[in-house]
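What follows is a single structure, written as structure tokens, with notes after it.
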Amino acid sequence: MLFLYNWSSRLYAELFKGYKAAWGISKQDFLNYPQGSLGYAMGMFYQEKGFDVMPKLENHDVFHLLTETGTDISDEIAMQYLLFGNGKISLYLIAMLFIGTLIFPEHSQYYWSSYRKGKSMHKFYHIEFKEFLSESIIELQNSFYNKQLTLQVNLLKHGK
């Protein structure tokens, strides 16, 4: 299933993210951001997990950090549930929900709690996080979990 997910996410980036520009930031470049920032957390995420940056899918890795969702296959499916709860709808997301639920029904409680978690959070699935790489990851997380005004002010500052 992990192979299927990796293959499908690359295909998804090529077919459905053609309009989107890759961030053009390497794993090492992320580590040059200040400690405690989202950018630095991204660098540590890639380093600790042994992952490479997937062009045009960088936001997805931010989602893992902001929501503290793991990267195992059941976590990837839970992430799709969380994003669905947050308001995102796409053909890829629906397919992952359907296939993941069929293959791993034993995780249905986890998936349902992830959906509720996404529903309770400030809407974030549509935000381009490249502009927030210097921001404190803890402040960003608090903004999403608590739906604080801070996030709205920052979004306005960044023209969102």
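It should be emphasised that the depicted structure is a prediction, and the values quoted were computed from it without experimental measurement.
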(message) Test your reading of the model: is there a side-chain donor-acceptor pair from Thr101 to the backbone of Phe98, 3.5 Å cut-off?
(response) no

(message) Could you measure the distance from the CD1 atom of Ile89 to the CG atom of Leu83? Nearest 0.5 Å is fine.
(response) 11.5 Å

(request) Kindly indicate whether the side chain of Val62, heavy atoms from C-beta on, has any atom under 4.5 Å from the side chain of Phe132. (result) no

(message) Is any side-chain heavy atom of Trp23 closer than 4.5 Å to one of Phe129?
(response) yes

(message) With a 4.5 Å cut-off on side-chain heavy atoms, are Phe104 and Ile73 touching?
(response) yes

(request) Applying side chain to side chain contact (heavy atoms under 4.5 Å, CB included), run through Leu97 and Phe84 and close with a yes or a no. (result) CA-CA 9 Å; Leu97 297 180; Phe84 185 56; 3.9 Å; yes

(message) Would you compute the distance between atom CG of Leu31 and atom OG of Ser26 and round it to the nearest 0.5 angstrom?
(response) 8.5 Å

(message) Filter on salt bridge (charged side-chain N to carboxylate O under 4.0 Å, His left out), then keep only pairs touching residues 89-114, sequence neighbours left out; what's left?
(response) none

(request) Compare all side-chain heavy atoms of Phe124 with those of Lys88 and state whether any distance is below 4.5 angstrom. (result) no

(request) Could you list the residues that satisfy ring-ring contact (aromatic ring centres under 6.0 Å, His included) with Tyr125, not counting sequence neighbours? (result) none

(message) Let me confirm one number: the CG-CG distance from Leu66 to Leu38, rounded to the nearest 0.5 Å.
(response) 6.0 Å

(request) Drop me the distance from Asp61's CG to Met54's CE, to the nearest 0.5 angstrom. (result) 8.0 Å

(message) Return the OG to CG distance between Ser120 and Leu82, rounded to the nearest 0.5 Å.
(response) 8.0 Å

(message) Looking at His64 and Thr69, would you say the former's side chain and the latter's main chain have a donor-acceptor pair under 3.5 Å?
(response) yes

(request) Look only at the side chain of Glu58 and the backbone of Lys56, and say whether a donor-acceptor pair between them is shorter than 3.5 Å. (result) yes

(message) Ring-plane angle category for Tyr81 and Tyr111, please: parallel below 30°, perpendicular beyond 60°, tilted otherwise.
(response) parallel

(message) Nearest 0.5 Å, please: how far is OG in Ser143 from CE in Met121?
(response) 10.0 Å

(request) Apply side chain to side chain donor-acceptor pair (under 3.5 Å) to Ser37 and list each qualifying residue two or more places apart in sequence or on a separate chain. (result) none

(request) Just grab all the ring pair (Phe, Tyr, Trp, His ring centres under 6.0 Å) pairs involving residues 27-47, residues at least two apart or on different chains. (result) Phe30-Tyr46, Phe45-Phe51

(message) For the backbone of Asn86 and the side chain of Lys123, can you confirm whether one donor and one acceptor N or O come within less than 3.5 Å of each other?
(response) yes

(request) Would you indicate whether the side-chain heavy atoms of Leu133 and Ile25 approach each other to under 4.5 Å? (result) yes

(request) Give a yes or no on whether Ile138 atom CD1 has more than 12 heavy-atom contacts from other residues, nucleotides or ligands under 6.0 Å away. (result) no

(request) Please examine the side chains of Met79 and His60, heavy atoms only from C-beta on, and report whether any two atoms are closer than 4.5 Å. (result) yes

(message) Using a 3.5 Å distance criterion without hydrogens, assess whether the side chain of Lys117 forms a donor-acceptor pair with backbone atoms of Thr67.
(response) yes

(request) Please list, chain by chain and in numerical order, all residues satisfying side chain to side chain contact (heavy atoms under 4.5 Å, CB included) with Glu68, sequence neighbours excluded. (result) Gln141, Tyr145

(message) Checking Lys49 now: which residues fulfil salt bridge (Lys or Arg N to Asp or Glu O under 4.0 Å) with it, not counting sequence neighbours?
(response) none

(message) Closer than 3.5 angstrom, by distance alone: can the side chain of Asn59 be matched with the main-chain N or O of Ile127 as a donor-acceptor pair?
(response) yes

